[in-house]
Protein chains: 2
Amino acid sequence: MVTKQFTSVWTREPRSPRSSPGLSREQIVHAALELLDSEGTEGLSMRKLGAKLDAGATSIYWYVANKDELMELAYDEIWADMEVADPDQISWRYSAATFGKGMRQAILRHPWAARLIGRLPAIGPNALHATDLLRKAFTQAGFRGLEIDYAASTLTAYVFGMTIPEAVWNEYINERQPDMDGMRQAVVAAVAGYPEMQARVEEMHAHDPQEIRAMSFDFGLYTVLDGLEARLVT
Amino acid sequence: MVTKQFTSVWTREPRSPRSSPGLSREQIVHAALELLDSEGTEGLSMRKLGAKLDAGATSIYWYVANKDELMELAYDEIWADMEVADPDQISWRYSAATFGKGMRQAILRHPWAARLIGRLPAIGPNALHATDLLRKAFTQAGFRGLEIDYAASTLTAYVFGMTIPEAVWNEYINERQPDMDGMRQAVVAAVAGYPEMQARVEEMHAHDPQEIRAMSFDFGLYTVLDGLEARLVT
DNA sequence: ACCTGAACACCGTTCAAGT
DNA sequence: ACCTGAACACCGTTCAAGT
């Protein structure tokens, strides 16, 4: 049973405050984000990133221990790109709702991030700042102690679970441009044994998929908020 | 704009009903599952799978178009490994709760599956059978039309969002055996700027992590169910 | 019809060597 | 202190060739 010394990008000091020459961590992360946003998960490799920076692929390893660390750094940036409402100004319900919607939009804007959600604790500075606000909202609502965490987990779990598939789906559509009619037919065919489901699938195909997803998200969001409210009165 | 013919493992006929010689799809999927369960996501490569089957790595491509398809087949098996309660016998609330807990356990039993959740529509036979039962429960509850889907999505999104990180975490612990104390210290240090959070993290470290997660899951599960119930009366 | 091995075009990462 | 290219140990997949 070999236990390995645990290290994290967030605990180790980055490589000197930058004097002048060559690369920097920010520069690298920034370039990585551009590749990810424009070309998706598969668009980022150490070699491509090196090329984009006019540097050898292995130069990056001076600033970052490995690709996973680089991804952690990139991932945290997502949460800087999320509008949050200060719970001091407004009702906890409104600020929690804004939080959920903002989280969804941030993920949809950076679909590659969907594949990273759920790895090691999201303890980057931007992620911490965001979750701190959510916790404030639930404290204001009346939750205490560990229930603050439970409530926050419930909301974020819902948003993640709802948005991850949506983001992955969008990325798939963009990358592969699949034949949509064929896909719909495939789904209808697969569901053939379940007439109830088949009717529902056809009903969904009659609407704009974007709209359906937005409605579905809001339905669940208010469901979760109602449920949380119920926990408060008892 | 090149739209590619869409195909899926589930729509294409598998390679003949098997006469006698060599490999078969079931055999391959079964071996893949064994590798995944015992060695995790990284334990499965086409070469390793070939070796396990005493065959060339590329023989597999006769039965399956590519690795993604193989993963889809393996992934669907997860939902065969999930206890479901027939909603005809019991209250919708109880059967939905059992469904959620069963889903969580199935994922925790096969943590590698966590990384596959949210890809192309889960339209494998086992997944369909399970979701059909959930839809029955919500129909019995009184939901109608698209709201049946919304309700089902809300519950499954919550379970996925809560369980994916838990499963990935478990896999990480098992594979890398990290130094737990060091990790805790790292988290406490990262959270230094947020005294409220720091207090909560320490409170969590004082309990059994498994227990905390189970309690957290149940809290959210009943929250979602309460929320759904609220949607019914209005 | 089924299986094979060689080959292709990639990966992430290590490391000795350079400035 | 920073950067490099060569090299290692892997990938998934294609394909002409075998039986």
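Letters A, B, ... are given to chains in the order of the sequence lines, protein chains preceding strands, and every chain is numbered from 1. Here the structure is a predicted model, which is why all the values come from computation and not from measurement.
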Practice item. Look at the aromatic rings of Y75(B) and W79(B) and report parallel, tilted or perpendicular, splitting at 30° and 60°. Key: perpendicular
Check your understanding: Under 4.5 Å between any side-chain heavy atoms of S216(B) and D149(A), yes or no?
Key -> no
Exercise for review: Return the residues of residues 54-61 of chain A meeting this criterion: a heavy atom under 4.0 Å from some atom of DNA chain C. Order them by number, or give none.
Suggested key: T58(A), Y61(A)
Review point. Is E166(B) salt-bridged to R104(B), going by a charged N under 4.0 Å from an acidic O?
Key: yes
Review point. How about F217(B) and Y158(B): are their ring centroids closer than 6.0 Å?
Key: yes
Review point. What is the distance, rounded to the nearest whole Å, between atom CD of E69(A) and atom C1' of dT13(C)?
Key: 13 Å
Review point. Under 4.0 Å between a Lys/Arg side-chain N and an Asp/Glu carboxylate O for E69(B) and R12(B)?
Key: yes
Using a cut-off of under 3.5 Å, enumerate the N/O to N/O pairs linking the protein to nucleotides 16-18 of chain C.
none

Review point. DNA chain C: A65(A) or K48(A), which has the more 5' nearest nucleotide?
Key: K48(A)
**Study point:** Pairing annotation in dot-bracket form, given for DNA chain C with Watson-Crick or G-U pairs under 3.5 Å and | for cross-strand partners
**Key:** ||.|||||...|||||.||
**Study point:** Side-chain ion pair, E42(B) and R115(B), N-O less than 4.0 Å
**Key:** no
Practice item. Examine distances only and state if a side-chain atom of K67(B) and a backbone atom of L44(B) form a donor-acceptor pair shorter than 3.5 Å. Key: yes
Point to revise | Side-chain N or O of W62(A) closer than 4.0 Å to phosphate OP1/OP2 of dC3(D) | key: no
**Study point:** Sub-4.5 Å side-chain heavy-atom contact between R135(B) and R200(A)
**Key:** yes
Point to revise | Distance below 4.0 Å between Y63(B) side-chain N/O and dC3(C) OP1 or OP2 | key: yes
Exercise for review: Classify the ring geometry between W112(A) and H110(A) as parallel (under 30°), tilted (30 to 60°) or perpendicular (over 60°).
Suggested key: perpendicular
